[in-house]
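Data first, discussion second: the structure below is written as structure tokens.
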Amino acid sequence: MKLVIAVVKPFKLDAVKEALKVLGIQGLTVTEVQGFGRQRGHTEVYRGAEYEVEFVPKVRLEIVIDDERMPEVLDTVVAAANTGKIGDGKVWVVPVEEVVRVRTGERGSDAL
Amino acid sequence: MKLVIAVVKPFKLDAVKEALKVLGIQGLTVTEVQGFGRQRGHTEVYRGAEYEVEFVPKVRLEIVIDDERMPEVLDTVVAAANTGKIGDGKVWVVPVEEVVRVRTGERGSDAL
Amino acid sequence: MKLVIAVVKPFKLDAVKEALKVLGIQGLTVTEVQGFGRQRGHTEVYRGAEYEVEFVPKVRLEIVIDDERMPEVLDTVVAAANTGKIGDGKVWVVPVEEVVRVRTGERGSDAL
Amino acid sequence: MYIPYPHWLNPGDNTWQIVAATLVGLMSLPGIAVLYGGLVQKKWAVNTMLMAFSGFSLVLIVWVLWAFNLSFGVPYHTGIGGDHSFFNNMIGHFHPAVSHFAEQNQEVLPEGTLIPFHYNQATFMYFQVVFAAITPLLFLGSVLGRMKFKAWCLFVPLWITCVYSVNAFLIWGGGFLAQKGAVDYSGGYVIHLAAGVTGFVAAWVVGPRLARDRRHGVPNNLLMVSVGAGILWLGWNGFNGGDPFYAGADATSAVLNTNLATAAALLTWMFMDMFFSRQKKATFLGAINGMIVGLVTITPGAGFVNGYGAILEGLIASAIVWVAWNYLSKVRPFSKVDDALGVVYTHGIAGLCGCLLVGFFADPGMIEYIGLGKAAPGFSVVGLFYSGSWHQVWEQFLAAAWVIVFTAIASFILLWIVKLLIGLREPDENLEIGDLAVHDEEAYPEETFAERVGSSVAGSSEAIGT
Amino acid sequence: MYIPYPHWLNPGDNTWQIVAATLVGLMSLPGIAVLYGGLVQKKWAVNTMLMAFSGFSLVLIVWVLWAFNLSFGVPYHTGIGGDHSFFNNMIGHFHPAVSHFAEQNQEVLPEGTLIPFHYNQATFMYFQVVFAAITPLLFLGSVLGRMKFKAWCLFVPLWITCVYSVNAFLIWGGGFLAQKGAVDYSGGYVIHLAAGVTGFVAAWVVGPRLARDRRHGVPNNLLMVSVGAGILWLGWNGFNGGDPFYAGADATSAVLNTNLATAAALLTWMFMDMFFSRQKKATFLGAINGMIVGLVTITPGAGFVNGYGAILEGLIASAIVWVAWNYLSKVRPFSKVDDALGVVYTHGIAGLCGCLLVGFFADPGMIEYIGLGKAAPGFSVVGLFYSGSWHQVWEQFLAAAWVIVFTAIASFILLWIVKLLIGLREPDENLEIGDLAVHDEEAYPEETFAERVGSSVAGSSEAIGT
Amino acid sequence: MYIPYPHWLNPGDNTWQIVAATLVGLMSLPGIAVLYGGLVQKKWAVNTMLMAFSGFSLVLIVWVLWAFNLSFGVPYHTGIGGDHSFFNNMIGHFHPAVSHFAEQNQEVLPEGTLIPFHYNQATFMYFQVVFAAITPLLFLGSVLGRMKFKAWCLFVPLWITCVYSVNAFLIWGGGFLAQKGAVDYSGGYVIHLAAGVTGFVAAWVVGPRLARDRRHGVPNNLLMVSVGAGILWLGWNGFNGGDPFYAGADATSAVLNTNLATAAALLTWMFMDMFFSRQKKATFLGAINGMIVGLVTITPGAGFVNGYGAILEGLIASAIVWVAWNYLSKVRPFSKVDDALGVVYTHGIAGLCGCLLVGFFADPGMIEYIGLGKAAPGFSVVGLFYSGSWHQVWEQFLAAAWVIVFTAIASFILLWIVKLLIGLREPDENLEIGDLAVHDEEAYPEETFAERVGSSVAGSSEAIGT
Ligand SMILES: Nc1ncnc2c1ncn2[C@@H]1O[C@H](COP(=O)(O)OP(=O)(O)O)[C@@H](O)[C@H]1O
Ligand SMILES: Nc1ncnc2c1ncn2[C@@H]1O[C@H](COP(=O)(O)OP(=O)(O)O)[C@@H](O)[C@H]1O
Ligand SMILES: Nc1ncnc2c1ncn2[C@@H]1O[C@H](COP(=O)(O)OP(=O)(O)O)[C@@H](O)[C@H]1O
């Protein structure tokens, strides 16, 4: 199995989630993160003091899937998250050796 | 080495942590996340406007361990986090190629 | 490619980020997490009631890089995050099978 | 030999008037600032609060320099028609009121008052300015999350000068409508109805918030809403209690009535949510809506109705506005205009209800000023339920019609003037970001990711560890 | 010719009374609402605030419709025993008080007062209702996080009618205990002791919060606690300063004493935390506990003791309650009852301390009402330290015994009635979730994961980017 | 037969004085507590609020036990020089003021007053103590985030005794500077200039915050800042309105002027941010800075200048402080001292501006006390623009020089005494952690990771699920 990790713009979360639903993806886990990259951050000013913020809010999605679904999931996420503007984010894939569903103890594909 | 990632119900954090302590696990890293899955979310209503929230708060544990400990850790986490109700969560395992303890620079098992 | 995950002390974030910039690392993703380990937590007292907090705030960095850069990145992060005090954190490395830049659809090294 | 005040000044009345004014001031700052600041989406909280503080300040300056005398000064005779013509009784003279005479001399209204004031003009001016100042803050709720900050700073002074002053003079300054017999105890027309109408027109002219914001725009802090709401409720004791201008029996009766109507309205909304809403649950923000409806509704009649009237007014108005909020909002034009916080309902419709209900519930037994001799028993208002006559209802209706039509048209024109001069909307790229784009500030700054630019760390060696 | 008020009305006294009442109102809203809203676990903050706002509203309506006359009206003669029997002096007549007479006529207490009131009944009614209204909000602190919302809405009116009115009449309305000689300057018995007892009984009958909540239930916002605490402290100037009913020397002495006792109590608790607690650290919430203890303790004697007495009362009570809070809480029944915010300590025990300490510290030199002729020097209370007699202490003790026993039993019965009618507890599945389950709202909504259902995005094109 | 108050007591004036005092109290609690609590870095919010609550309490106790009579009591004759020598007119007698006489007798100032007070000493003492109590809370802003809590608890009483009392006696208590002719309507010298100077010296002596904190120390909650700021503004109506000591025409004129200067200063700072700052953006915290500058600047002259003067003073001072804030802060010694919230600008320099500007703008037509006979027209101050003479400016300057020099030296010495006795700074390992290290509390506790130690879960079965 694979773990697909996608870091995308927060307001794209709905779109990605809906697209994955269509694919029949049963679940995913989301984390609010801060991204650093080409997209520059911003400056904040409090009482005349300037603070530089080089990070940009992003959401990070984790999706565990069966190997064969990997390509379509990858394409779907990329398509749904794309705005064509800098800072759209990255998606990467990591191998998964085992998955367990806590409730039932099922393992492997059945756990998804 | 392996990285065990467990997404479980927040109020099960103590139980899992204590169970791992018993196993002699030295450390872990926890993130507050939002989960999407079979367990349905809820509706919020502010001034008459309905908002659908499809996500459920979960905690995500990361535990780096030696290969041979993997089975027991997996079982321990699953056992400790189980309530038998939908939404108990998932646990998955990812291979780790290297680990370093920042303080000492120790690598591999010694770093755990 | 590799995914380097570093869990370090929050106030070391700048140092690590700057050190990676020097290496020419284009991007990374940061999450605020809670760590459990040798470094003991603290006690909080509200209206006479004691609460034990076994976790310590940390930041978690994810950096996707080309295989060959792994050693220097690892060393750089460890060097930049080190204070010599307990709780400095851990860094571990996970294999990455694919990376995509959402904006352009570029894959592999080009996506970094 | 020295004395603390002239014979005409009564320290009790002067104290009540200035304290009442201070309570009303608190309704704006921090009241409305944090009520709206907590209700708006997190990304707009700073912008909302700054508009409240700056709006309040702008009105203060404009007020003493000219708007006070436009509202309460000597009538300006346009010369159109006779002495009692509308056009000779619609606005006061243009004249500042900041000299030491203006501040320390006894307050006198040109058309005379039943009883000479017991305090100096500064007291009266300050009491009146906090009313004027809260009005733009009320309709601010309609245009949150997209109006250009500079446009706000220009629109507020224009609106106070051209709209508020006219309504105030006509109804309170002894103008035409007052002469006709419409009554407004403390601002049902001049403040709430006008704010509701202006807010709705402004929301329409400025255009809606980003679709994205409307889809995700939940409030950010209900405890802050609670702070603002509580101050609003109790501050209203000054709002309505101050309007007889003397610390008499009618003032405190108005305070009690205000609280009764508010309690009744809060509970009505809450129970309607519990029994008629889709979720069948009481909600905190629903209760707060009901509370505001009660406060607004009783405003035009607080000292004219008795306790029964107050409770019934709160109950009726809350039920009406609850229905409007939940159903009328689905039909045009309401469904098409993005009135962010629904000011047109909680102030517009609630204010209208209150103005009309006075015509029904006003109890002649509620004496505002005691009359001696043939003036006995004194000044009071008689509603339909006591007189059987529709007269007062009709007068109230006419005044309402005027305020709605005039305020809508005048506000529309002023908005267009501002639009042509500097534009009304923030550009979309700012709307996407919110406070950070417009003010370089955010409501709850996060320190982990912020680093001081060129911070001198002089005199302190960096400490390490933790 | 018109006059602003009748000869018997004094604008200074009327102003003080209504302003004092407004300050007390602010203690409830937003005071208690956000103090408790910030102290409670995040998941229950909305429920807590809504209970505060709805409870306050319910008391207002009940008060004017019947509870005011039950508490301060003409005694109701049960006919059991003679004219001075307990049963003929325990409660007033059942009668509403909302007509224009009820509001505007001069306030008169049936059993007569030393001095005719200088204002109308609306002033007095409003002043008294804010006291009645805060009482349920105080014991709300005991039942947070599990009481069924509907049960709250039913229990509050019942309690005000059957418990508060009786205590108020007996001690303030000229009832039996007043005739016996017990004194309560502004609510040590009627409000704080009664609230502490009711809260404890209610916490026991309703049952504890979820074990999970008690294990993790930390406060959610200490800055909000600060907002509530500050308003509580300064609002108390009205709470105690308003009780002579005239803006005289004793009123302002009571204000000063209130602040002295509070400062002494806050510092005492803080220093005990610094020197005797396990952590040996001053804590903010500890200081706030001390502050509340001081405010509560001085309440029954604010205008009867002098400055020394005030400081000592604050010091003594704070030390006693600190010990009770840290040690008594470990023994039964205290260890077994889940009094969420510890109301039984900060209001119950602190109130009891105050009631008894008046018996010791009351200074005959503190004249509440000045007496002329043979009434000279006037009305005051004499404590043990000045008279050497235990008389006043004994009277205070008897009244305390009554309030504790009666309030406990009556509250217990009322709670059972509510339990049988609609149940007292939210079902466990709601307790696990909190506000989101009970009200579909949460204190600090998160927009990232919330999406508007069927949101019309009319009139606005979605903007992209950032 | 009973009467509510003695002939010399006027309920209107007494009410105004005690209400004004309550408003000033609210400026400290919750005002300053949450304004600073919201502006400071999240990790120091609890420490900040506890210092505010404890500092306020300490001053209350110290005040009634000795500081009140040091400030306003019978002059203490050192015997150095003649009757009018500085040293025989610099401080009052050491004597407590908590007996029933002290509280209930008519207030009388030793050197006599133009008009006998209309209320008892408790009223005056309480009014004065809230001024004394807010002063340390103001300079608290300079030493946030590193001062040792115990040191604070010791420094505050010492400072009130040795510094505040002297300045207060010299300028308000009829001391030397008052006799010379310097005027301070309600605290430009005694409170704001002194607070600014003390804060700056303390920030220097205590040393800077951790470099890390200064690099990342953003505010934590701008809505809280809004709550505090709003209360500060409206509370100032009592701060300046209470200082004629009678509810007369000058009191309400001072209130109006206070609001005018504040509005002008807020807008000036905001527009300077919009047009002259690097970002060219209006900022909320900038506007709040301007607001504070306006409030502070008008304080020494609120009832001596007219409306024009008030507006101009606000405008001028805000512009000056804006420049100082943005440029002077870059040069030594300002660049080297870590005055956390910039108290030296918003209170020190703003206070100084106000003190001097009175010398220019004071309008003889603004009568504080009306004179009869040859005392006509009454007491007022004449500024340069009306008299053409530099006299008043010079007097104001001399008093400013005294306050700056004396306060700086005395504070410096007291700080060193505290430093030698118990040390001034928290150890670095505590500075790294903040509230959690010093008080075991944090501002916004997180429940997910906290577990109650030895929590009894008696009486409740753990519920599972969600
Ligand atoms: N090498 C990386 N490792 C981990 N996350 C990365 C990396 N590079 C970029 N990211 C994440 O992707 C986000 C978008 O990247 P950025 O360079 O800003 O835009 P783009 O991907 O369009 O070139 C960043 O904010 C960061 O969260
Ligand atoms: N394919 C997945 N990838 C990542 N996380 C998942 C996946 N499926 C479920 N999860 C996580 O597990 C949680 C529980 O899953 P859910 O389907 O709700 O219940 P159950 O695991 O009992 O069937 C989800 O909230 C989500 O956080
Ligand atoms: N086995 C592990 N798996 C995941 N994270 C770990 C593990 N061990 C430690 N950590 C993370 O590293 C942090 C520091 O570890 P700790 O044992 O406290 O200090 P040190 O690494 O210096 O021995 C912990 O707070 C935790 O976040």
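Computation of the quantities below employed the complete heavy-atom set of this structure, encompassing side-chain atoms and omitting hydrogens, waters and symmetry-equivalent molecules. Here is how names work: the chains are called A, B, and so on, in the same order as the sequence lines, proteins then strands, and each is numbered from 1.
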Is [X] close to chain D through its backbone or its side chain, or both, or neither, when contacts mean heavy atoms under 4.5 Å?
{"X": "Leu223(F)", "answer": "both"}
{"X": "Met366(F)", "answer": "both"}
{"X": "Val337(F)", "answer": "neither"}
{"X": "Leu266(F)", "answer": "side chain"}
{"X": "Leu431(F)", "answer": "neither"}
{"X": "Asp363(F)", "answer": "side chain"}
{"X": "Asn220(F)", "answer": "backbone"}
{"X": "Val227(F)", "answer": "both"}
{"X": "Phe245(F)", "answer": "neither"}
{"X": "Leu285(F)", "answer": "both"}
{"X": "Leu372(F)", "answer": "both"}
{"X": "Asp250(F)", "answer": "both"}

Residue pair Asn120(D) / Thr252(F), side-chain donor-acceptor N/O under 3.5 Å: yes
Donor on one side chain, acceptor on other, Tyr5(D) and Asp13(F), under 3.5 Å: yes
Side chain / backbone / both / neither for [X] at chain F, heavy atoms under 4.5 Å:
{"X": "Phe56(D)", "result": "side chain"}
{"X": "Val59(D)", "result": "neither"}
{"X": "Ala133(D)", "result": "neither"}
{"X": "Leu58(D)", "result": "both"}
{"X": "Pro6(D)", "result": "both"}
{"X": "Leu9(D)", "result": "side chain"}

Within-4.5 Å side-chain heavy-atom neighbours: [X] and [Y]:
{"X": "Ser57(D)", "Y": "Met270(F)", "value": "no"}
{"X": "Asn237(F)", "Y": "Ile18(D)", "value": "no"}
{"X": "Leu222(F)", "Y": "Glu442(D)", "value": "no"}
{"X": "Asn306(F)", "Y": "Val98(D)", "value": "no"}
{"X": "Tyr444(D)", "Y": "Pro219(F)", "value": "no"}
{"X": "Glu103(D)", "Y": "Asn257(F)", "value": "yes"}

Most contacts with chain D, counted as non-hydrogen pairs under 4.5 angstrom, among [options]:
{"options": "Glu368(F), Lys281(F), Gln279(F)", "value": "Lys281(F)"}
{"options": "Ile288(F), Val225(F), Asn221(F)", "value": "Asn221(F)"}
{"options": "Ser253(F), Gly290(F), Ala310(F), Ala254(F)", "value": "Ser253(F)"}
{"options": "Met291(F), Met274(F), Lys43(F)", "value": "Met274(F)"}
{"options": "Ile115(F), Leu260(F), Val305(F), Thr15(F)", "value": "Ile115(F)"}

Tell me the closest heavy-atom pair linking [X] and [Y], and the distance in Å.
{"X": "Ser226(F)", "Y": "Pro30(D)", "result": "O-CB, 3.6 Å"}
{"X": "Phe149(D)", "Y": "Ala282(F)", "result": "CE2-CB, 3.7 Å"}
{"X": "Tyr2(D)", "Y": "Gly371(F)", "result": "CD2-CA, 3.7 Å"}
{"X": "Asn14(D)", "Y": "Ala249(F)", "result": "ND2-N, 4.4 Å"}

Side chain of Gln104(D), backbone of Ile367(F): donor and acceptor closer than 3.5 Å? yes
Name the member of [options] that forms the most heavy-atom pairs with chain F at distances under 4.5 Å.
{"options": "Val438(D), Leu50(D), Thr48(D)", "result": "Leu50(D)"}
{"options": "Ala102(D), Gly228(D), Ser54(D), Ala443(D)", "result": "Ala443(D)"}
{"options": "Ala21(D), Pro445(D), Ala122(D), Ser28(D)", "result": "Pro445(D)"}
{"options": "Ala450(D), Ser99(D), Gly37(D), Ala52(D)", "result": "Ala450(D)"}
{"options": "Gly12(D), Gly25(D), Pro4(D)", "result": "Pro4(D)"}
{"options": "Glu441(D), Gln121(D), Met1(D), His439(D)", "result": "Glu441(D)"}

Relative to the ring of Phe53(D), is the ring of Trp233(F) parallel (under 30°), tilted (30 to 60°) or perpendicular (over 60°)? tilted
For Trp204(F), is the CH2 atom crowded, meaning more than 12 foreign heavy atoms sit under 6.0 Å from it? no
[X] [atom1] to [Y] [atom2] distance, which is reported to the nearest 0.5 Å:
{"X": "Leu26(F)", "Y": "Leu26(D)", "atom1": "CG", "atom2": "CG", "answer": "8.0 Å"}
{"X": "Lys150(D)", "Y": "Phe271(F)", "atom1": "NZ", "atom2": "CZ", "answer": "10.0 Å"}
{"X": "Arg452(D)", "Y": "Arg214(F)", "atom1": "CZ", "atom2": "CZ", "answer": "8.5 Å"}
{"X": "Ile3(D)", "Y": "Leu114(F)", "atom1": "CD1", "atom2": "CG", "answer": "12.5 Å"}

For Leu256(F), run the side-chain contact (heavy atoms from CB on, under 4.5 Å) check against Trp63(D), Tyr126(D), Phe124(D) and tell me which one passes. Tyr126(D)
Any chance you could lay out the side-chain contact (heavy atoms from CB on, under 4.5 Å) test for Met224(D) and Met224(F), step after step, and finish with the verdict? CA-CA 8 Å; Met224(D) 268 300 159; Met224(F) 269 299 161; 3.6 Å; yes
Pair Glu447(D) + Lys42(F): basic N to acidic O under 4.0 Å: no
